[in-house]
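One structure is given here, and the rest of the page talks about it.
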Amino acid sequence: MTTAVDPVVAADPTAPVVTRRRRGRPLLALLPPLVVGIAGLLLWEVTVRVGRVAPYVLPAPSAIGEQLWQNRDVVWRTGLASGTNALIGLLLGAVVALLGAMVAARFAYLGEVSIPVAAALNALPIIALAPILNNMFESTSNVPRRLVVAIVVFFPVFVNALRGLREVDPIHRDLMASYAARGWTFTRLVRLPAALPFVFTGLRQASSLAVIAAVVAEYFGGLQNGLGSRITSAAANTAYPRAWAFVVGACVLGLVFYLAALLLERLAMPWRRV
């Protein structure tokens with residue numbers, strides 16, 4: 001009598017146990033933040049109600065949730081507007097940063113010069129940059145906000161990509177040199193694959209920064225179709241629970257961008273799955 005044996009199990013008898021543990025890890029990993037989040041909301045609600053905190057200081061989560069539900073259509077519409085600006089700016093900034101990092105990694109002198117320039121761009125405050133760009137373009141244009149996002153996300157993507165492109169295994173370098181592979185061929189076959197973990201580290205950082213930049217850039221005029229303009233409008237009218245509802249919308253949008261970056265990383269590098 002013969003028994004069919006899974007080749008994976010035959011190669012590694014402990015594989016089934018490890019697989020079962022890995023399948024249970026995502027659920028277990030979600031449990032602690034859910035418990036902490038719910039406990040934090042309950043503590044927040046009790047603190048506001050028992051301590052009688054003024055709503056302009058800190059609205060209760062129940063009041064924020066009520067406003068979020070009542071204004072769900074507006075939150076959705078303004079979230080799409082801010083999300084579109086954040087996405088276009090993120091793509092623009094990431095592409096320019098990646099191309100710049102490839103050039104800087106190819107030429108050592110440019111690599112040394114580009115770091116201070118990138119740091120200077122990163123030091124530009126949004127509150128100073130957004131009004132200037134708004135005055136340079138029409139008030140009905142979304143270009144200034146997208147440029148603000150692109151400038152903000154440029155630095156983390158550039159720095160991480162440049163570091164990854166520079167860290168090439170000497171064995172791989174010697175092997176490609178033996179095949180006379182240089183220039184773009186070496187970059188495409190060796191540098192870029194090796195730099196992918198660093199590039200996606202920069203993208204994860206930039207994904208949240210893109211939403212923050214897009215929302216903050218809306219505070220300084222222009223089209224009143226985004227989350228930032230709604231937050232300032234609600235706060236100016238002392239509708240603080242409604243303002244917090246739009247803040248929650250911005251938080252959800254930032255989380256969506258971050259999860260999208262994680263998903264893209266998993267698709268691009270499936271071998272790194274845990």
Side-chain angles (χ1 to χ4, degrees), residues 24-87 89-90 125-127 130 142 145 148-149 152-153 156 203-265:
R25 282 179 183 176
L27 296 177
L28 293 177
L30 289 175
L31 186 59
L34 284 176
V35 172
V36 173
I38 294 174
L41 289 175
L42 291 175
L43 180 61
W44 182 354
E45 184 76 24
V46 172
T47 301
V48 172
R49 290 184 178 275
V50 175
R52 296 188 178 183
V53 180
Y56 62 85
V57 176
L58 185 65
S62 57
I64 297 173
E66 180 181 358
Q67 289 296 318
L68 184 62
W69 176 254
Q70 292 178 359
N71 297 276
R72 59 188 181 278
D73 293 335
V74 181
V75 173
W76 173 260
R77 186 173 64 253
T78 55
L80 285 179
S82 297
T84 301
N85 292 333
L87 179 60
L90 175 62
I126 300 177
I127 58 175
N142 282 313
R145 298 167 183 180
V148 169
V149 175
V152 168
V153 306
L203 281 177
R204 289 199 306 270
Q205 298 172 359
S207 61
S208 300
L209 291 175
V211 175
I212 296 173
V215 173
V216 173
E218 295 168 353
Y219 292 172
F220 305 97
L223 289 174
Q224 303 297 301
N225 62 342
L227 290 168
S229 59
R230 298 289 177 164
I231 293 172
T232 55
S233 176
N237 293 319
T238 65
Y240 298 106
R242 188 166 75 245
W244 275 88
F246 288 110
V247 171
V248 172
C251 294
V252 173
L253 184 61
L255 182 60
V256 169
F257 269 61
Y258 184 79
L259 293 177
L262 284 179
L263 178 61
L264 186 60
E265 181 178 5

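What's counted below: heavy atoms across the whole structure, side chains too, no hydrogens, waters or symmetry copies.
Contact record, V48 with A60: CG1-CB, 3.9 Å, taken as the closest heavy-atom pair. Closest heavy-atom contact between L41 and P61: O-CG, 3.8 Å. What you find for G228 and S82 is that their closest heavy atoms are N-OG, 4.5 Å. Contact between G83 and F257 at its shortest, heavy atoms only, is O-CZ, 3.5 Å. Closest non-hydrogen pair, A63 versus P241, comes out as O-CB, 4.1 Å. Of all non-hydrogen atoms in L227 and G249, the two that sit nearest each other are CD1-C, 4.0 Å.
With rounding to the nearest 0.5 angstrom, the CG atom of L68 is 12.5 Å from the CZ atom of R242. Distance check: L262 CG to S207 OG gives 7.5 Å after rounding to the nearest 0.5 Å. Taking CG of N142 as the reference point, atom CG of N225 lies at 5.5 Å (rounded to 0.5 Å). Within the model, atoms CD of E66 and CD1 of I64 stand 11.5 Å from one another, a figure rounded to the nearest 0.5 Å. For the atom pair OG (S233) and CG (N237), the distance works out to 5.0 Å, reported to the nearest 0.5 Å. From Y258, atom OH reaches atom CZ of R204 across 5.0 Å, with rounding to the nearest 0.5 Å.
Checking each of T232, T78, N85 against E218 for a side-chain contact (heavy atoms from CB on, under 4.5 Å) leaves exactly one that passes, namely N85.
In R49, the CZ atom is not crowded: 12 or fewer heavy atoms of neighbouring residues, nucleotides or ligands sit closer than 6.0 Å.
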Show, in sequence, the C-alpha distance, side-chain angles and deciding distance for R230 and R77, and conclude whether the side-chain contact (heavy atoms from CB on, under 4.5 Å) test is met.
CA-CA 11 Å; R230 298 289 177 164; R77 186 173 64 253; 4.1 Å; yes

L58 and W44: CA distance, side-chain angles, deciding distance, side-chain contact (heavy atoms from CB on, under 4.5 Å) verdict
CA-CA 9 Å; L58 185 65; W44 182 354; 3.2 Å; yes

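Between I231 and Y219, the closest side-chain pair of non-hydrogen atoms falls below 4.5 Å.
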